[in-house]
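Written out below as structure tokens is the structure these notes cover.
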Amino acid sequence: MRTSQYLLSTLKETPASAEVISHQLMLRAGLVRNLASGLYTWLPTGLKVLRKVENIVREEMERANAIEVLMPMVQPADLWEESGRWEDYGPELLRLKDRHNRAFVLGPTHEEVITKLVANEINSYKQLPLSVFQIQTKFRDEIRPRFGIMRGREFLMKDAYSFHLGEECLKKTYQKMFDAYCRIFDRLGLDYRPVIADTGSIGGEASHEFHVLADSGEDEIAFSDNSDFAANVEKAEALAPQGERAEPTQEISTVELKLERLIKTSNLDLKTTVKTLLVLGTATEGEPEKIIALVLRGDHQLNEVKVENLSAIASPLTFATDEQVSAIANCHSTSLGPKGLAVDVIVDRSAAHLSDFVCGANVNGQSYTGVNWQRDCGEINIQDIRNIVTGDPSPCGSGNIIIKRGIEVGHIFQLGDKYAQAMNCGVLTENGKNQILTMGCYGIGVSRIVAAAIEQNHDKYGIKWPAAIAPFQVAIVPMNMAKSARVKETAEALYEQLQQAGIEVIFDDRKERPGVMFADHELIGTPILLIVGERNLDEQNIEVKNRITGEKLLMPISDVMSLFK
RNA sequence: CGGUGAUUAGCGCAGCUUGGUAGCGCACUUGGUUUGGGUCCAAGGGGUCGCAAGUUCGAAUCUUGCAUCACCGACCA
């Protein structure tokens with residue numbers, strides 16, 4: 001490729017709208033352009049990278065015996081009604097109508113379509129197990145698209161689905177996929193971790209996420225400092241504190257300050273206080289809305305995922321309005337406390353372990369000290385409803401927790417039969433009976449990987465691509481080619497030779513000053529720069545600069561091809 | 001969905017307080033100059049100032065509404 005005939009589209013200045021480094025560099029290096037909120041055009045250089053990621057993913061899927069298909073992005077709404085997700089999915093699902101007024105959705109995922117397909121195509125146990133995958137554009141109407149490609153509304157995803165007669169077979173394929181994912185991220189050259197994950201709205205049993213570690217990541221991951229344990233903070237169990245709860249030593253007394261003021265003025269340790277949140281309980285038909293109180297130790301944070309997984313709590317989690325709060329406690333939410341609340345109370349394990357604690361008194365501007373659970377609040381329902389924090393004992397039983405941020409680039413699930421059941425996807429077994437299939441599903445955010453790779457591999461000059469996904473393997477940068485016939489001949493010959501050898505080479509044949517060319521190629525992140533200049537031609541040498549290490553060395557022109565063996 | 005802010009040339013921004021011929025830097029075009037790290041000089045092209053309504057002799061500037069984009073928040077101790 002010659003730059004003079006290519007769409008380089010690099011920018012000197014950083015567009016104001018780009019927040020994270022990967023977004024800035026993707027715009028500056030001419031990989032993508034923004035079209036509308038969460039929608040991006042892939043420019044030639046970006047597309048090259050995207051295709052490389054795609055191909056690695058494809059090769060490893062095929063190696064894991066998955067077969068490629070391509071399903072429509074636009075899907076009929078009745079499929080989604082059949083699975084129940086037309087109601088469940090919410091506004092993230094973009095719904096649209098065709099000219100005949102028939103309802104469709106833009107596919108955020110393809111469980112329905114693939115399950116329908118398999119239900120129609122697969123009839124016998126002899127055809128199982130089956131794994132299929134596709135690499136297709138998805139659309140999710142995110143509340144808040146951000147960080148450029150990282151959380152766009154339209155994105156490229158690899159999604160795979162496996163079908164089995166039973167749990168045992170599913171587990172085998174799940175492990176195979178797990179291994180395939182590790183190979184993919186190894187080949188991509190990324191620093192990643194598989195972590196135990198919540199199964200979320202898709203449902204099912206076991207699940208792992210694959211995270212690329214980066215400070216800008218949107219997820220928090222809990223690691224043990226003494227074992228391989230790693231889990232999404234959403235999922236990581238916070239163990240109950242050791243030992244028995246201490247006996248009460250204080251009587252309740254009332255303080256004429258709201259809890260917040262009390263904490264500030266008397267320098268109270270948050271660990272001796274509790275906070276109380278009112279949320280909606282599961283709706284039952286014909287009954288008035290039920291409110292449930294959640295109680296956490298003051299220094300802890302509510303884990304929404306854990307709470308939503310409790311059967312008593314409405315999903316999605318909804319906080320009580322100020323009106324609902326006053327109706328129940330006759331005070332503002334900042335003065336709530338568990339004593340004397342006329343609703344069901346769910347107490348976090350750590351909060352439940354306290355004695356002589358401080359809390360709101362359910363009267364505006366008043367708090368209690370010296371409160372004790374059994375004595376003052378009666379029987380309580382104890383659950384794990386908080387986020388694990390640094391220093392907590394690891395749920396695996398070994399070591400303590402440290403927390404790092406990660407970008408979720410892959411997620412695998414053992415789905416079970418939720419969709420197969422709903423779409424009546426079964427086969428005849430050996431003894432001639434129909435049996436509903438068990439499914440697994442396996443996603444990789446292909447476009448997000450491009451952004452994640454940049455988050456992890458950049459410096460002040462630009463992107464430092466891992467070799468496997470660099471848009472070009474090598475750039476030829478001639479010094480003052482317009483004036484020197486020798487430089488031109490040498491550069492052209494090199495270009496010819498590299499092309500012949502099937503190496504992805506970009507030849508900077510623009511009439512630009514050296515500084516401009518260096519800056520562009522460093523921004524784009526081509527791993528090797530071949531610098532052709534008068535300076536070294538007398539000795540028939542060429543300068544080779546490694547973008548990753550910054551090393552420069554001289555080598556005879558005739559040896560250049562050895563770099564690519 | 002709530003809060004905040006922005007919207008003026010392809011990009012980054014000034015001008016708005018105090019209404020009166022629309023500017024700067026980068027990029028682009030042409031000529032010259034320079035040539036191993038974003039040269040320098042000169043000339044030039046490009047904008048219904050987000051949209052709509054209002055106030056006014058006159059609106060980028062004041063008022064109102066709308067749209068789009070971005071950031072923050074959605075944890076209520």
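First the proteins, then the strands, lettered A, B, ... as listed; each starts at 1.
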- Cationic tip of A/Arg95 within the cone over A/Trp86's six-membered ring, i.e. under 6.0 Å and within 45° of the normal?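 That pair qualifies as a cation-pi contact.
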
Using atom [atom1] of [X] as one end and atom [atom2] of [N] as the other, report the distance to the nearest whole Å.
X: A/Phe357; N: B/A77; atom1: CZ; atom2: P; answer: 16 Å
X: A/Glu512; N: B/G38; atom1: CD; atom2: P; answer: 12 Å
X: A/Arg547; N: B/G37; atom1: CZ; atom2: P; answer: 17 Å
X: A/Asp508; N: B/G36; atom1: CG; atom2: C1'; answer: 14 Å
X: A/Met150; N: B/A70; atom1: CE; atom2: C1'; answer: 17 Å
X: A/Glu92; N: B/C1; atom1: CD; atom2: P; answer: 14 Å
X: A/Phe147; N: B/C72; atom1: CZ; atom2: P; answer: 6 Å
X: A/Tyr40; N: B/A70; atom1: OH; atom2: P; answer: 7 Å

Separation of the [atom1] atoms in [N] and [M], to the nearest angstrom:
N: B/C28; M: B/A70; atom1: C1'; value: 28 Å
N: B/G47; M: B/U64; atom1: P; value: 31 Å
N: B/U48; M: B/A9; atom1: P; value: 9 Å
N: B/G44; M: B/U8; atom1: P; value: 26 Å
N: B/A14; M: B/G5; atom1: P; value: 16 Å
N: B/A27; M: B/A74; atom1: C1'; value: 41 Å
N: B/G38; M: B/A43; atom1: C1'; value: 23 Å
N: B/G10; M: B/U29; atom1: C1'; value: 14 Å

- Item | Heavy-atom closest contact (A/Gly243 atom, A/His353 atom, distance) |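 The answer is O-NE2, 3.1 Å.
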
- Task: Identify the heavy atoms of A/Arg28 and A/Lys12 that sit nearest to each other, and give their distance.
- Result: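 Smallest heavy-atom distance, with atoms named: NH1-O, 3.2 Å.
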
Proximity to the side chain of [X] - top-ranked nucleotide from [options]:
X: A/Ala36; options: B/A77, B/C69, B/C72; answer: B/C69
X: A/Arg144; options: B/G73, B/C69, B/A77; answer: B/G73
X: A/Ala519; options: B/G37, B/A77, B/G38; answer: B/G38

- Would you check if the side chain of A/Arg297 reaches a backbone N or O of A/Thr273 as a donor-acceptor pair within less than 3.5 Å?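 Judged by distance alone, no pair lies under 3.5 Å.
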
- Message: I'd like to know if the side chain of A/Asn362 and the backbone of A/Lys339 have a donor-acceptor N/O pair within less than 3.5 Å.
- Response: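 Such a contact is found between A/Asn362 side chain and A/Lys339 backbone.
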
Strand partner of [N], provided both Watson-Crick or wobble distances fall under 3.5 Å:
N: B/U56; result: none
N: B/C24; result: B/G12
N: B/C49; result: none
N: B/C72; result: B/G2
N: B/C40; result: B/G32
N: B/A67; result: B/U7
N: B/U17; result: none

- Most 5' of A/Ile143 and A/Leu277 on RNA chain B, judged by nearest nucleotide: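 Nearest nucleotide further toward 5': that of A/Ile143.
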
- Item | Residue closer to the 5' end of RNA chain B, A/Asn536 versus A/Ser335 (nearest nucleotide) |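 It is A/Asn536, whose closest nucleotide lies nearer the 5' terminus.
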
- Message: Does B/A70 have its OP1 or OP2 closer than 4.0 Å to a side-chain nitrogen or oxygen of A/Ser37?
- Response: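 Checking B/A70 against A/Ser37, a side-chain N or O does come within under 4.0 Å of OP1 or OP2.
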
- Among A/Ile476, A/Asp508, A/Val477, find the residue that satisfies the side-chain contact (heavy atoms from CB on, under 4.5 Å) test when tested with A/Thr3.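 For A/Thr3, the side-chain contact (heavy atoms from CB on, under 4.5 Å) test succeeds with only one of A/Ile476, A/Asp508, A/Val477, which is A/Asp508.
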
- Criterion side-chain contact (heavy atoms from CB on, under 4.5 Å) against A/His332, the qualifying member of A/Val325, A/Val363, A/Asn364: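 That would be A/Asn364; it is the only one of A/Val325, A/Val363, A/Asn364 passing the side-chain contact (heavy atoms from CB on, under 4.5 Å) with A/His332.
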
- Query: When only distance counts, do a donor and an acceptor, one from the side chain of A/Glu543 and one from the base of B/G36, lie under 3.5 Å apart?
  - Reply: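 Counting by modelled atom types and ignoring angles, a donor-acceptor contact under 3.5 Å is found here.
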
- Distance in Å, A/Leu498 CG paired with A/Ile506 CD1, rounded so as to fall on 0.5 Å steps: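 Between A/Leu498 CG and A/Ile506 CD1, I get 13.0 Å after rounding to 0.5 Å.
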
- Message: With rounding to the nearest 0.5 angstrom, report the CG to CD1 distance, A/Asp392 to A/Ile401.
- Response: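 Reported to 0.5 Å precision, the distance equals 7.0 Å.
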
Protein N or O to nucleotides 39-42 of chain B N or O, pairs below 3.5 Å:
unit_1: B/U39; atom_1: OP2; unit_2: A/Arg513; atom_2: NE; d: 2.9

- Verdict with supporting geometry, A/Arg375 and A/Glu247, salt bridge (charged side-chain N to carboxylate O under 4.0 Å, His left out): CA-CA 10 Å; A/Arg375 189 189 69 192; A/Glu247 290 299 315; over 6 Å; no

- Query: Cut-off 3.5 Å, side chains only: do A/Gln374 and A/Glu379 have a donor facing an acceptor?
  - Reply: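 Judged by distance alone, the side chains do pair up.
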
- Query: Are any of the side-chain nitrogens in A/Asp538 or A/Arg486 under 4.0 Å away from the carboxylate oxygens of its partner?
  - Reply: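 Between A/Arg486 and A/Asp538 there is a salt bridge, with a charged N closer than 4.0 Å to a carboxylate O.
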
Would you list the protein and nucleotides 8-14 of chain B atom pairs, both N or O, that sit under 3.5 Å from each other?
unit_1: B/G12; atom_1: OP1; unit_2: A/Ala16; atom_2: N; d: 3.2

